[in-house]
Number of protein chains: 2
Amino acid sequence: MKKNKQATIVDVASEAGVSIATVSNVINRRKVPMSPETIRKVEEAVVRLGYRRNVMATNLSRRRSNELGLILPHFGGYYGRFAEKLEQRFHSYGYHLSVFSAAGMDPEVETRHIEHLLQRRVDGLVSHGLAISMHSTQQLVGEGTPLVIFNGWGWPNEITKLTVNLDFAKASRQAVKYFLSHGCQAVFYAGRRKGMGANEQRIEGFLTGLGERAETIVHALLDAGELGVAGALEEALRVSGELRPIGIYTFNDALALELIAECHARGIRVPEEVQLIGMDNEHFAKASIPSITSFEMPVELQTRLVAAFLMRQMGEDVDEESAMLLDSYLAQMKGHELLIDMEMVVRKSTHNE
Amino acid sequence: MKKNKQATIVDVASEAGVSIATVSNVINRRKVPMSPETIRKVEEAVVRLGYRRNVMATNLSRRRSNELGLILPHFGGYYGRFAEKLEQRFHSYGYHLSVFSAAGMDPEVETRHIEHLLQRRVDGLVSHGLAISMHSTQQLVGEGTPLVIFNGWGWPNEITKLTVNLDFAKASRQAVKYFLSHGCQAVFYAGRRKGMGANEQRIEGFLTGLGERAETIVHALLDAGELGVAGALEEALRVSGELRPIGIYTFNDALALELIAECHARGIRVPEEVQLIGMDNEHFAKASIPSITSFEMPVELQTRLVAAFLMRQMGEDVDEESAMLLDSYLAQMKGHELLIDMEMVVRKSTHNE
DNA sequence: CTGTTAGCGCCTTCAC
DNA sequence: GTGAAGGCGCTAACAG
């Protein structure tokens, strides 16, 4: 037996007794007038042969792929949800989305994925904007492929017309102000150096949030990556001396959770002595003990804006709702950065009643 | 200006002053002897023109894509790590992996992804085996594409030669036995109906783990999906009456964490009154209070076996280590199911000292 | 060593 | 309505 190769359009044509052009017309539901009889014959032949169109041939011929690519720092948490939402949105616009993880921001892996996507001639690309990827991305994408960045800072205008960012700085200001207005005698930011851009944004917000209080209130930046979680807590306690309670704003919920564990191990009460605010509003933030005050990530909104803008860049239409949303955000944009607010979810790690 | 289209192999050829065949040979580092001079000229032309091969054309011509597809129930946690590891492994075998999420096991989304992968003529497919996907998968894949399933139960041999499963049943037996040998007076399994196959496996293991003790010890199956977390806990307490401590084995760490929160809210001490064992060994299992006893998912091993088997099915060679590993597992296989052990990580939710 | 020439599977005018 | 033919970008013999 010879290997049963996939049926081609030619097979379908001869099976149905028509020409390949006709088959193509039927398959693509073109508006050219065809007899219902012809259509039926073709459709039957398709089923009978188990025909499945070869998109490589289609794309090659059409000179467009109808495919989009997404590069994430990793799957998991917020990013995983982001990917699923975005896929769904693009699907509604008639595009297919392939998702890739840089596997913990490994530049090599990331470059490999982008290169492959480009070789596959994707019609557009969306990428996170963290870490070093900037330079390589610039190189790779060149003048050709439409690209939109999300959660990226410091990207020159030449590369992207728009960056869709969560407003970490604002959230951080909000966190600090919350601490200050809820009796905290000293405030800290605990981050991880590897956070890069996103980390910087938080720090900036943290400092500006202090405002003029910066001169009078005890505060410090803690690097949990360098000091370790225990080290960071110790440092905070050392700096704050007898002052209580203190407030610690963390890079994310995971770090907040670890700090809670550390406090618990030392018999330090949360929130009576140490108040904590995290970021990401992960599933466990709600169930931890105490539950963690955090910021909700507006995935729906962000993916909507990202998708709408990419479509526009590609000259495609989008649903009216997204279009209006995008316009209203673009109107109040500063520079080429579009900022999205996050909502604080207050829980037990910052108050008790 | 006309749009600067991507340079093609023809452009490179004329730029370098050679024929397209030569360019192709250089690009693909074929073993045909060529003068270093020619090679240099071609390579220079490539960079000068920013040439990037069109994989659609390449694949069409080669009649193979060198691409593989992976279908996941969702990104996040274990599955996200699985995807990253698998990608890396396939890469080392010279294949590219595209990952798709069924977005919470939505059958429509799943079908769409598989169909698209097939239309792209991937050389092979690996898919989780949960939920209803079975039937549609069978339809779709037909006789053609090599397929390996992981974490799937009840798949007929006609579809898959092999299913690579984590041994949830065994882990569950182990959990029960741990409870029994550590003083638990009553034991429970708390799952979620939606767990499907994976849920069934746990239940089976839970029951067989009881063995002959099933007749003498108080036990029950709890459906946290139906009863809610609070309801499940109440039910366990009701059934066990005055007996303490009781042991609750949960579908995953997330559920265990929620139960801990629920216990805490009611002033029930963990592990003194209620012992808990979770599954997945998620990041937060270590940092929660108390930390959660759980089972580590052997992603490295599982991806290795999956990759090796798919490669073999496709007639490709794999590294010796993986080959030997696969052979040893195949040797002790029952049916067409290959089982992987998980390791229990004991933490504070089951003991205190 | 290098160039020529068929395809790969499908789309897309342009006649009939 | 339907069919014939050229082309998309690249590979793979096969000559030279």
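Computed from a prediction, not measured in an experiment: that's the story for all the values here. In the text below, chain A, chain B and the rest are named by the order of the sequence lines, each starting its count at 1.
A donor-acceptor pair under 3.5 Å is formed between the side chain of Asp106(A) and the backbone N or O of Glu108(A). Under the 3.5 Å distance criterion, the side-chain polar atoms of Asn59(A) are matched with a main-chain donor or acceptor of Val55(A).
What separates CD1 of Ile27(B) from C1' of dA12(D) is a distance of 15 Å, to the nearest Å. Rounded to a whole Å, the CG atom of Leu60(A) is 18 Å from the P atom of dG6(D). Atom CE in Met34(A) sits roughly 9 Å away from atom P in dG1(D) (whole-Å rounding). Atom CG in Asn28(B) sits roughly 17 Å away from atom P in dG9(D) (whole-Å rounding). Rounded to a whole Å, the CZ atom of Arg30(A) is 17 Å from the P atom of dG1(D).
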Sub-3.5 Å pairs of nitrogen or oxygen atoms, protein against nucleotides 3-5 of chain D:
unit_1	atom_1	unit_2	atom_2	d
dG3(D)	OP2	Ser19(A)	N	2.6
dG3(D)	OP2	Ser19(A)	OG	3.2

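Using a cutoff of 4.0 Å between basic side-chain nitrogens and carboxylate oxygens, Asp11(B) and Arg48(B) are not scored as salt-bridged. Between Glu84(B) and Arg89(B), none of the side-chain N atoms (NZ, or NE/NH1/NH2) sits under 4.0 Å from a carboxylate O, so this pair counts as no salt bridge. A salt bridge links Glu37(B) to Arg40(B): at least one charged side-chain nitrogen sits closer than 4.0 Å to a carboxylate oxygen. A salt bridge links Glu300(A) with Arg304(A); the closest basic N to acidic carboxylate O contact falls under 4.0 Å.
Phe100(A) has its ring centre less than 6.0 Å from the ring centre of His96(B).
For the segment residues 45-59 of chain A, the set of residues with a heavy atom within less than 4.0 Å of an atom of DNA chain C comprises Tyr51(A), Arg53(A), Asn54(A), Ala57(A), Thr58(A), in numerical order.
With rounding to the nearest 0.5 angstrom, the OG atom of Ser19(B) is 9.0 Å from the CD1 atom of Ile9(B). In this structure, Glu15(A) CD and Leu49(A) CG are separated by 5.0 Å, a value rounded to the nearest 0.5 Å.
Nucleotides of DNA chain C nearest to Thr38(B) and Arg62(B) differ in position, and the one nearer the 5' end is that of Thr38(B).
Inspection of the Thr145(B) and Arg121(B) side chains reveals no N or O donor paired with an N or O acceptor under 3.5 Å. Between the side chains of Asp319(B) and Ser322(B), at least one donor N or O lies within less than 3.5 Å of an accepting N or O. Asn165(B) and Gln302(B) form no side-chain donor-acceptor contact under 3.5 Å, judged by distance and modelled atom types alone.
Taking 4.0 angstrom as the limit, Ser35(A) places none of its side-chain polar atoms (N or O) nearer than this to OP1 or OP2 of dG1(D). Taking 4.0 angstrom as the limit, Ser61(A) places none of its side-chain polar atoms (N or O) nearer than this to OP1 or OP2 of dG7(D).
Taking the 5' to 3' direction, DNA chain C first and last meets chain B under 4.0 angstrom from a heavy atom at dC1(C) to dG9(C).
Using a 4.0 Å heavy-atom cutoff across all strands shown, Arg121(B) reaches no nucleic acid atom at all.
Shown here are the ring pair (Phe, Tyr, Trp, His ring centres under 6.0 Å) partners of Tyr93(A), two or more places apart in sequence or in another chain: there are none. Not counting sequence neighbours, Phe90(B) has no partner by the ring pair (Phe, Tyr, Trp, His ring centres under 6.0 Å) test.
The bend of the helix from dC1(C)-dG16(D) to dC16(C)-dG1(D), defined by the angle between the axes of its first five and last five pairs, stands at 40° to the nearest 10°.
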